[in-house]
2 protein chains.
Amino acid sequence: MAVTMMDIAKRLEISAATVSRVLSGKGTGYISSGTRERVLEAARAMGYRPNRVAQGLVSGKTKVFALWLRNSDAPFYAKMPRVLAELGMHAGYEMILSGYRDRGGETLPPGAEEYDINAWPVDGIIAADCPKRVEQYRQWNPVGGAPIVMVATDENPEVDSIAFDHEVGVEAAMQHLIKIGCQRIVHLTAWCSVSAVQRCRQKVYERVISEAGLAKRVSVAADETRATAREHVKKLWSEAKFDGLFCINDDVAIGAHRGLADIGVTVGKDVALVGCDDIETAAYMTPSLTTIQQPVEAMCTRAWEMLEQRWAEPKAPLQQERIMPTLVVRESTSQFGK
Amino acid sequence: MAVTMMDIAKRLEISAATVSRVLSGKGTGYISSGTRERVLEAARAMGYRPNRVAQGLVSGKTKVFALWLRNSDAPFYAKMPRVLAELGMHAGYEMILSGYRDRGGETLPPGAEEYDINAWPVDGIIAADCPKRVEQYRQWNPVGGAPIVMVATDENPEVDSIAFDHEVGVEAAMQHLIKIGCQRIVHLTAWCSVSAVQRCRQKVYERVISEAGLAKRVSVAADETRATAREHVKKLWSEAKFDGLFCINDDVAIGAHRGLADIGVTVGKDVALVGCDDIETAAYMTPSLTTIQQPVEAMCTRAWEMLEQRWAEPKAPLQQERIMPTLVVRESTSQFGK
DNA sequence: ATGAAAGCGCTAACAG
DNA sequence: CTGTTAGCGCTTTCAT
């Protein structure tokens with residue numbers, strides 16, 4: 001059995017309350033330095049380790065927060081766990097990671113509801129791109145639920161959020177493609193749960209295309225994976241050629257990049273290619289991938305700040321911020337027409 | 001405040017114990033179907049949610065396990081959280097993710113020790129490539145510590161483990177390079193905490209090279225990142241050319257791949273390139289990357305099984321298994337000399 | 001400056 | 001079949 005405060009108290013013939021006061025640091029000033037020393041010493045000698053479950057029961061706080069991820073297989077999301085776990089660690093928090101694989105539909109995967117109902121009590125939640133789940137959580141916990149910060153997307157108006165400005169990025173990407181001389185620009189998108197982002201990007205694409213007097217052509221892949229995009233782009237090309245391709249995200253763009261290489265189309269020369277997110281691999285492709293950079297670390301840092309602020313002031317007004325993405329021009333567009 | 005079993009009991013004018021029996025399902029057969037119904041109904045109506053902290057305190061089990069990651073920024077490790085979180089979820093477990101950024105040294109990062117001492121009690125631990133931390137944990141918890149399963153590497157002989165057979169993979173890769181006609185094969189490695197793996201791979205490289213009567217050349221990059229490898233390989237090339245490059249892992253290989261492209265060296269023709277891990281990006285590079293495939297999902301699945309077996313039979317004999325990697329030949333070597 | 005006692009929400013004997 | 005009691009390990013009044 002693990003050693004408890006009671007064990008220390010008995011050994012020193014004092015009360016458990018005193019031990020608690022010393023070990024928790026709450027009684028600073030009221031404890032005789034004699035007993036303080038002896039308690040500290042005994043704790044060390046006996047290998048005492050606080051039982052956080054017991055602390056949690058009495059305090060109502062667990063010092064644990066949850067990270068909800070929509071699709072942690074995608075490199076864009078894959079960075080978040082490490083960043084947030086470190087941020088939390090420095091503040092004395094641990095992180096429960098819970099990610100469903102995205103199934104592209106509107107509902108949660110089987111078993112998810114039950115799972116969430118029975119979830120471990122956390123002090124806060126950071127929810128990346130899973131508005132449905134946020135909605136459900138708030139429904140089940142009308143009062144007393146943990147504060148939530150939504151990241152990446154902000155579909156739910158009733159919680160703090162830090163998202164990207166999807167319009168600005170797409171606008172910049174499209175203007176870039178037009179400026180370098182693309183005439184037939186295709187938008188390659190994909191089914192996913194965060195349909196608002198998808199729809200928003202498509203809308204901007206369509207607006208810019210029509211403002212430029214070009215013909216629009218939108219193609220929807222079955223999912224957001226690289227493998228699907230790789231095959232999809234071949235079909236797309238065989239149906240009708242194009243000279244510009246704007247993809248919903250970098251994974252789709254990387255799949256397309258490879259798919260075009262497979263059929264002998266030279267990315268960067270024959271087709272200008274733009275992705276979205278700026279995951280690490282974008283810079284390592286040959287040719288490297290022009291993309292809309294969305295700074296994940298900055299987003300996580302701000303999300304964590306927001307959560308801490310919400311803990312400090314539960315009644316403070318809602319914060320809903322947006323980060324401006326920037327276009328990173330690389331070889332997949334810079335050599336076009338040359 | 002959240003609704004408790006006591007609230008339900010009072011409302012129904014029964015005891016909390018009865019409520020517990022119904023809700024926990026422990027009293028099946030001993031509860032009159034009348035009260036059962038009423039309790040279930042009241043729980044639903046009142047929005048009852050079990051308090052897992054309280055359950056944890058009394059049972060001594062949290063139904064939470066920890067995943068320790070050495071370097072979760074690397075794509076190879078990035079898959080593990082999602083895979084294990086899903087595996088756990090299906091068994092009713094939640095996962096605490098705790099990853100330090102690897103600092104290449106032999107000790108834990110600042111604050112880590114304190115953090116671990118005060119860590120949340122978990123029922124089990126899966127530790128990926130962090131032998132030091134495992135050692136420390138076992139030291140602080142000589143008795144009553146949670147069972148540990150080490151994955152990816154098996155440097156600690158006293159816990160269950162599922163690792164890769166590093167020899168077999170490197171042997172196959174080296175034989176392949178020799179067979180396609182490489183004469184000057186360099187091994188590009190990097191400083192990292194899991195020095196055993198690094199040393200093992202290097203040793204096999206050296207053995208095969210000398211058996212083939214070739215000259216060995218080992219180069220050590222400052223860390224395992226793509227960015228470092230990208231620059232490192234340029235220096236390497238300028239010092240002396242080579243026609244084969246075996247990298248410690250795919251990230252290093254991808255960095256080298258891009259670095260060689262930067263200076264006009266054609267990967268696949270001028271230099272045959274082999275990585276290790278088979279992360280997704282390997283197949284999407286142009287030319288695609290030959291690599292030693294180490295099946296992460298299979299490893300995670302087996303690790304989870306081992307943990308469950310250990311829970312079922314704490315006294316069962318240690319299990320220390322190895323997965324055989326396979327060489328995946330792709331364009332970065334298949335076109336060599338053609 | 002310290003002890004005694006109550007209680008966080010739940011489970012598990014032990015009665016009946 | 002159900003109620004009473006005790007207790008998991010810790011914090012926190014309220015006394016002294």
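Each chain gets a letter, A, B and so on, in the order its sequence line appears, and its residues count up from 1. Note that the coordinates shown come from a computational prediction; the quantities given were computed from them, not determined experimentally.
- Positionally, the nearest nucleotide of DNA chain C for B:N51 lies more toward the 5' end than for the other of B:R21 and B:N51.
- Taking the charged nitrogens against the carboxylate oxygens, B:R70 and B:E224 do have a contact shorter than 4.0 Å, which makes a salt bridge.
- Going from atom CH2 of A:W120 over to atom C1' of C:dG9 covers 12 Å, rounded to whole Å.
- Closest to the side chain of B:A17, out of C:dA4, D:dT4, D:dT11, is D:dT4.
- Within the structure, every side-chain polar atom (N or O) of A:S32 is placed at least 4.0 Å from both OP1 and OP2 of C:dA1.
- If you check the side chains of B:R133 and B:S98, you find a donor sitting under 3.5 Å from an acceptor.
- In this structure, the CD1 atom of B:I8 is 13 Å from the P atom of C:dG9, given to the nearest Å.
- The aromatic rings of A:Y93 and A:W311 sit parallel, their planes meeting at an angle under 30°, below the 60° perpendicular limit.
- Regarding contacts with the backbone of C:dT2, every side-chain N or O of A:S15 stays at 4.0 angstrom or more from both OP1 and OP2.
- An OP1 or OP2 oxygen of D:dT11 is reached within less than 4.0 angstrom by a side-chain nitrogen or oxygen of A:Q55.
- At whole-Å resolution of the value, CE in A:M46 and P in D:dG9 are 13 Å apart.
- Proximity note for A:A54 (side chain, C-beta onward) versus D:dC10, C:dT11, C:dG3: the nearest is D:dC10.
- A straight line from CG of A:D7 to P of D:dC8 spans 11 Å, rounded to a whole angstrom.
- The separation between A:L12 atom CG and C:dA1 atom C1' is 15 Å, rounded to whole Å.
- OP1 or OP2 of C:dT11 lies within a sub-4.0 Å distance of a side-chain N or O belonging to B:S20.
- A salt bridge is absent between B:R38 and B:E41; no separation between the charged side-chain nitrogens and carboxylate oxygens falls under 4.0 Å.
- Atom-to-atom, NZ of B:K61 to P of C:dG9 comes out at 24 Å; the value is rounded to the nearest Å.
- Comparing C:dC8, C:dT2, C:dG9 by their nearest atom to the side chain of B:T4 picks out C:dG9.
- In this structure, the CG atom of B:L57 is 6 Å from the C1' atom of D:dG9, given to the nearest Å.
- A close approach under 4.0 Å does occur between a side-chain nitrogen or oxygen of B:T35 and OP1 or OP2 of D:dT2.
- Checking C:dT11, C:dT2, D:dT2 against every side-chain atom of A:T18, the shortest atom distance belongs to C:dT2.
- In this structure, the CE atom of B:M6 is 11 Å from the P atom of C:dG9, given to the nearest Å.
- We find that A:K79 and A:E297 are joined by a salt bridge, their nearest charged nitrogen and carboxylate oxygen being less than 4.0 Å apart.
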